[in-house]
**Student:** 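Below: one structure in structure tokens.
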Amino acid sequence: MTDTDKPINFIQHVINADLEAGHVTKVVTRFPPEPNGYLHIGHAKSICVNFGLAAENGGGCNLRFDDTNPEKEDEEYVNAIIEDVRWLGFEWQGDICYASNYFDQLYTWAQYLISEGKAYICELNAEQMREYRGTLTQVGKNSPYRDRPASESLDLLEQMKLGAIDEGTMTLRAKIDMESPNFNMRDPVMYRIKKMAHQRTGDKWNIYPSYDFAHGQEDAIEGVTHSVCTLEFAANRPLYEWFVANLPLPSTPRQYEFGRLNLNYTITSKRKLKQLVDEKHVAGWDDPRMPTISGLRRRGVSASAIREFCDSLAVAKTDGVVDMAQFEHFIRDDLNNNARRAMCVMNPVLVTLANYEADKSESFTVPGHPNRDDMGERSLAFGRQIFIDRNDFSEDTTLSRKKFKRLVIGDYVRLRSAYIIRADEVIRDGAGEIIEIVGAIVPDTVGKDAPEGIKARGVIHWVSALESADCTVKIYDRLFNKAAPDAGDESFLEHINPESLTVISGCKVEAGLANATAGDHYQFEREGYFTRDIVTDSGELVFNCTIGLRDNWK
RNA sequence: UGGGGCGUGGCCAAGUGGUUAAGGCACCGGGUUUUGAUCCCGGCACCGGAGGUUCGAAUCCUCCCGCCCCAGCCA
């Protein structure tokens with residue numbers, strides 16, 4: 001993959017200028033998720049941008065958990081996020097960072113701002129604070145507690161910390177400007193009381209810093225030079241800069257915002273994804289239909305496909321909706337190059353080749369991949385009885401060769417990597433259902449062209465009846481049947497596709513895949529890309545369809 | 001409505017006064033092919049609108065229109 005002529009984005013332009021001017025010598029970025037859910041495809045873009053910017057400039061990227069709100073956070077999420085970032089192929093600089101590691105420092109800085117007359121303890125409750133904040137057209141008004149003595153605020157803050165004050169009755173606020181046209185500057189809350197244990201600091205704190213009071217300082221402590229986030233934080237930037245300017249920080253980070261990734265036919269809101277899990281609309285965060293990293297992984301999407309897709313996205317300030325087809329292109333492109341080929345008959349019907357001796361069997365050696373010698377070879381068992389897909393057979397002899405390139409009664413078709421065969425008759429059960437096709441091979445056609453006068457209509461896949469493994473295949477369709485499930489008046493739940501999962505049992509896969517490893521990628525020829533699902537206690541052989549092959553015909 | 005941000009083909013986008021207006025996805029033709037896949041070739045825009053500045057504008061100015069974000073003690 002060469003990206004030599006890939007245009008450079010606006011953040012790289014800024015970095016280039018900073019490097020040139022000597023403002024920074026080493027570029028440091030960070031990926032700062034709150035551990036309140038699993039990572040999804042939207043985060044993947046952010047991860048690629050942040051780690052990518054650091055790597056391309058010889059710098060480093062931190063993985064930092066923004067765990068400032070114990071109410072929503074959980075260690076399960078921390079572990080899942082670490083696993084996902086690693087799986088995506090990224091390595092962070094140094095140890096994993098946590099906002100909670102800086103709680104003491106943050107507290108000291110809060111005291112500093114109070115003593116500087118730039119912060120105060122406010123006793124307005126949530127509702128009153130909203131009233132005092134003003135509206136889009138009206139400026140806010142000062143809190144009656146705004147000018148209380150610093151010593152009093154200092155004492156009250158200490159009591160809040162110790163747990164002596166009731167939740168919701170007091171907050172620490174920055175004293176900025178209640179008349180600012182930017183709401184974030186109207187004396188924002190720096191600390192709120194939450195008498196709740198934190199997954200990492202335990203019962204030590206009864207107050208927790210807000211995002212705004214924590215983020216820039218976290219960046220500064222870690223020496224982050226370019227704090228890259230998504231567009232919705234643009235309005236927080238002035239506040240970010242205010243804290244950076246008014247606190248004695250060890251470095252001066254700068255914030256830049258780019259457009260987050262939106263994909264059609266899916267949602268990328270942790271809250272809603274969590275709802276899908278909690279309300280059991282899907283089997284879990286790693287359900288193969290989920291746009292989560294873990295879901296995509298279980299679905300069979302490779303990390304490199306996700307990376308290539310993210311790299312194809314622009315880092316810009318427009319907020320568009322990327323077509324799912326673009327993601328699918330990169331999924332297929334990667335799998336086409338890297339997935340071993342195999343054959344799986346999903347809707348099997350028995351074919352008996354009457355002119356093939358009953359006791360005879362052969363083994364054909366075929367490439368693991370059509371143009372990748374490094375993928376070696378595999379062997380296919382062949383015998384008198386094989387399975388082909390019911391959809392690859394028709395009794396309608398009027399079907400044109402162009403329209404139906406498969407097996408038709410009385411006509412020839414090529415078995416992929418094997419003989420050309422002919423269908424002669426069908427055997428039905430009591431209900432009239434075809435249970436067997438009787439035909440014949442055309443001798444000496446393995447690896448050779450058809451003899452004069454015989455023309456195969458096409459090539460179909462097959463599997464030996466004697467030597468094949470039974471398996472179950474799960475086919476997935478989009479989780480939502482509306483391009484923008486989030487838009488409109490109805491809930492996104494109204495647009496869940498009731499047919500997003502199809503389970504097909506009784507499939508026959510070539511014997512070599514009986515012990516496939518979960519996570520290995522295969523192309524089932526003429527069908528699509530598949531991966532073995534997480535192996536359960538029953539050990540059942542289940543393949544998840546990652547994505548079908550393209551088909552433009554008909 | 002106050003503030004911030006954005007508008008280039010169906011979608012994502014390069015472009016920073018002089019280009020035949022990159023590229024990818026999608027789509028439409030055609031070729032190769034023991035996967036109706038892959039691969040290969042070809043096709044596919046006057047830049048939200050209206051004025052203006054200029055020899056020359058997607059790029060500069062003015063006005064207008066549209067979309068997104070901000071009124072959590074969420075991040």
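Lettering of chains follows the sequences in order, A, B, ..., and the numbering in each one begins at 1. Remember, it's a predicted structure, so these values are computed and weren't measured experimentally.
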**Student:** So A:Pro32, base contact, sugar-phosphate only, or nothing? Heavy-atom distance under 4.0 Å.
**Tutor:**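 Nothing, no heavy atom under 4.0 Å.
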**Student:** Any base atoms under 4.0 Å from A:Gly168, or only sugar-phosphate, or nothing? Heavy atoms, all strands.
**Tutor:** base
**Student:** Would you say the base of B:U35 and the side-chain of A:Gln523 have a donor-acceptor pair closer than 3.5 Å?
**Tutor:** yes
**Student:** What do you reckon, are the aromatic ring centroids of A:Tyr529 and A:His521 less than 6.0 Å apart?
**Tutor:**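 Not under 6.0 Å, so no.
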**Student:** Could you let me know what B:C55 is paired to, Watson-Crick or G-U wobble, both distances under 3.5 Å, or none if it's on its own?
**Tutor:**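 Pairing partner: B:G18.
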**Student:** With ring centroids as reference points, do A:Phe480 and A:Tyr265 lie under 6.0 angstrom apart?
**Tutor:**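 Not under 6.0 Å, so no.
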**Student:** Determine the Euclidean distance between corresponding C1' atoms of B:C11 and B:A26; express it in Å to zero decimal places.
**Tutor:**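 Going atom to atom, C1' in each nucleotide, I get 7 Å.
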**Student:** Select one nucleotide: of B:U35, B:A14, B:C74, the one nearest the side-chain heavy atoms of A:Asn69.
**Tutor:**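 Closest nucleotide among those given: B:C74.
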**Student:** Is it the case that the base of B:U34 and the side chain of A:Arg414 share a donor-acceptor contact (distance under 3.5 Å, atom types as modelled)?
**Tutor:**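 Per atom types, the contact qualifies.
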**Student:** If you measure from the C1' atom in B:C27 to the same atom in B:C12, how many Å do you get, rounded?
**Tutor:**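 Taking atom C1' in both B:C27 and B:C12, they lie 15 Å apart.
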**Student:** When the ring centroid of A:Trp109 is compared with that of A:Phe243, is the distance short of 6.0 Å?
**Tutor:**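 When the ring centroids of A:Trp109 and A:Phe243 are compared, they turn out to be at least 6.0 Å apart.
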**Student:** Classify A:Met343 by what it touches in the nucleic acid, base, sugar-phosphate, or nothing, heavy-atom distance under 4.0 Å.
**Tutor:** nothing
**Student:** Using the C1' atom in both, what is the distance from B:G17 to B:G52, to the nearest Å?
**Tutor:**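 Here B:G17 and B:G52 have their C1' atoms 15 Å from each other.
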**Student:** Under 3.5 Å, which N/O atoms of the protein pair with N/O atoms of nucleotides 23-27 of chain B?
**Tutor:**
from	atom 1	to	atom 2	distance (Å)
B:G24	N2	A:Gln326	OE1	3.1
B:C25	OP1	A:His329	NE2	3.2
B:C25	O2'	A:Gln326	N	3.4
B:C27	OP2	A:Arg550	NH2	3.2

**Student:** Relative to the 5' end of RNA chain B, which residue comes earlier, A:Arg416 or A:Asp551, by the nucleotide with the nearest heavy atom?
**Tutor:**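 Nearest nucleotide further toward 5': that of A:Arg416.
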**Student:** Report which part of the nucleic acid A:Leu261 touches: base, sugar-phosphate, or nothing (heavy-atom distance under 4.0 Å, all strands).
**Tutor:** nothing
**Student:** Within residues 33-41 of chain A, find the residues that approach RNA chain B with a heavy atom at under 4.0 Å, and present them sorted by residue number.
**Tutor:**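 The answer is A:Glu34.
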**Student:** Are A:Tyr419 and A:Trp462 side-chain neighbours, meaning at least one heavy-atom pair lies under 4.5 Å?
**Tutor:** no
**Student:** In Watson-Crick or G-U wobble terms, both distances under 3.5 Å, what is the partner of B:C6?
**Tutor:**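 Base-paired to B:G66.
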**Student:** Dump the pairs, protein N or O against N or O of nucleotides 68-72 of chain B, anything under 3.5 Å, distances to one decimal.
**Tutor:**
from	atom 1	to	atom 2	distance (Å)
B:C68	O2'	A:Asp319	OD2	3.0
B:A71	O3'	A:Arg133	NH2	3.4
B:A71	O2'	A:Arg133	NE	3.1
B:G72	OP2	A:Arg133	NH2	2.8

**Student:** Would you tell me whether A:Ser100 and A:Arg200 have side-chain atoms, one donor and one acceptor, within less than 3.5 Å of each other?
**Tutor:**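 Indeed, the side chains of A:Ser100 and A:Arg200 share at least one donor-acceptor pair under 3.5 Å.
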**Student:** Assign A:Gly447 to base, sugar-phosphate, or nothing according to its heavy-atom contacts below 4.0 angstrom with the strands shown.
**Tutor:**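 Base contact.
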**Student:** Centroid-to-centroid, A:Phe382 to A:Tyr356, below 6.0 Å?
**Tutor:**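 Ring centres of A:Tyr356 and A:Phe382 closer than 6.0 Å.
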**Student:** Using the test side-chain hydrogen bond (donor to acceptor under 3.5 Å, both in side chains), find all partners of A:Lys194 that sit at least two apart in sequence or belong to another chain.
**Tutor:** A:Glu71
**Student:** Which one is paired to B:C27, where only Watson-Crick or G-U wobble pairs with both distances under 3.5 angstrom count?
**Tutor:** B:G43
**Student:** Rounding to the closest angstrom, what is the interatomic distance between B:U59 and B:C63 at atom P?
**Tutor:**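 The answer is 16 Å between these two P atoms.
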**Student:** Check every atom of B:C6, B:A37, B:U16 against the side chain of A:His13 and return the nucleotide holding the closest atom.
**Tutor:**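 For A:His13, the side-chain atoms sit closest to B:U16.
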**Student:** A:Phe65 and A:Tyr98: aromatic ring centres closer than 6.0 Å?
**Tutor:**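 When the ring centroids of A:Phe65 and A:Tyr98 are compared, they turn out to be within the sub-6.0 Å range.
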**Student:** From C-beta outward on A:Pro7, which listed nucleotide comes closest to its side chain: B:U34, B:A14, B:U16?
**Tutor:**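 In terms of side-chain proximity for A:Pro7, the closest of B:U34, B:A14, B:U16 is B:A14.
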**Student:** What nucleic acid atoms does A:Val139 come within less than 4.0 Å of, heavy atoms only: base, sugar-phosphate, or nothing?
**Tutor:** nothing
**Student:** Looking only at atom P, what distance separates B:C40 and B:U33, rounded to whole Å?
**Tutor:**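 Going atom to atom, P in each nucleotide, I get 16 Å.
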**Student:** Respond yes when some side-chain nitrogen or oxygen of A:Lys317 is under 4.0 Å from OP1 or OP2 of B:G4, and no when none is.
**Tutor:**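 A:Lys317 to B:G4 OP1/OP2: no side-chain N or O under 4.0 Å.
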**Student:** So what does A:Asn371 hit on the nucleic acid, given a heavy-atom distance under 4.0 Å: a base, only sugar-phosphate, or nothing?
**Tutor:** nothing
**Student:** On RNA chain B, compare the nucleotides closest to A:Asp66 and A:Asn9; which residue's is nearer the 5' end?
**Tutor:** A:Asn9
**Student:** Just checking A:His329 against A:Phe309, ring centres under 6.0 Å apart?
**Tutor:**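 Judged by ring-centre distance (under 6.0 Å), A:His329 and A:Phe309 do not meet the cut-off.
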**Student:** Would you classify A:Lys45 as touching base, sugar-phosphate or nothing, given that sugar-phosphate means primed atoms plus P, OP1 and OP2, and contacts are heavy atoms under 4.0 Å?
**Tutor:**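 A:Lys45: no heavy atom of the nucleic acid under 4.0 Å.
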**Student:** Scan A:Thr68 against the nucleic acid and name what it touches under 4.0 Å (heavy atoms): base, sugar-phosphate only, or nothing.
**Tutor:**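 Sugar-phosphate, backbone atoms only, no base.
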**Student:** Ignoring hydrogens and geometry beyond distance, is a side-chain donor-acceptor pair present between A:Tyr240 and A:Gln255 at under 3.5 Å?
**Tutor:**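 On atom types as modelled, these side chains do not qualify, holding no pair under 3.5 Å.
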**Student:** Exactly one of A:Arg340, A:Arg341, A:Arg416 should register a salt bridge (charged side-chain N to carboxylate O under 4.0 Å, His left out) with A:Glu525. Which one does?
**Tutor:** A:Arg416
**Student:** Report the glycosidic orientation of B:G72: syn if within 90° of 0, anti in every other case.
**Tutor:** syn
**Student:** Using the P atom as the reference point in each nucleotide, state the distance between B:A21 and B:G4 in Å, no decimals.
**Tutor:**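 Looking at atom P only, B:A21 and B:G4 are 35 Å apart.
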**Student:** NA contact type, A:Val446, heavy-atom cut-off 4.0 Å: base, sugar-phosphate, or nothing?
**Tutor:**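 Base, at least one base heavy atom under 4.0 Å.
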**Student:** For the residue pair A:Arg173 and A:Tyr120, would you count it as a cation-pi contact if the rule is NZ or CZ under 6.0 angstrom from the ring centre and within 45 degrees of the ring axis?
**Tutor:** no
**Student:** In this structure, how many angstroms lie between the P atom of B:U38 and the CD1 atom of A:Ile547, rounded?
**Tutor:** 11 Å
**Student:** Just grab all the side-chain hydrogen bond (donor to acceptor under 3.5 Å, both in side chains) pairs involving residues 205-215 of chain A, residues at least two apart or on different chains.
**Tutor:** A:Arg30-A:His215, A:Arg64-A:His215, A:Asp66-A:His215, A:Asp212-A:Asn236
**Student:** Please state the P separation for the pair B:C67 and B:U1 - nearest whole angstrom.
**Tutor:** 11 Å
**Student:** Just how far, in rounded Å, is P of B:C73 from CG of A:Leu157?
**Tutor:** 17 Å
**Student:** Any side-chain donor-acceptor pair under 3.5 Å between A:Glu127 and A:Asn125?
**Tutor:** no
**Student:** Side chains of residues 129-140 of chain A: which donor-acceptor pairs under 3.5 Å do they make with residues two or more places apart or in other chains?
**Tutor:**
from	atom 1	to	atom 2	distance (Å)
A:Thr135	OG1	A:Thr137	N	3.3
A:Thr135	OG1	A:Gln138	N	3.1

**Student:** Between B:A14 and B:U19, how far is it from one C1' atom to the other, in whole Å?
**Tutor:** 12 Å
**Student:** Using a 4.0 Å heavy-atom cut-off, does A:Thr445 contact any base of the nucleic acid, only the sugar-phosphate backbone, or nothing at all?
**Tutor:** base
**Student:** A:Arg271 has an atom CZ; how far is it from atom P of B:A75, in whole Å?
**Tutor:**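 Checked: the CZ to P distance equals 16 Å.
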**Student:** Rounded to the Å, how far apart are A:Ile460 CD1 and B:G36 P?
**Tutor:** 10 Å
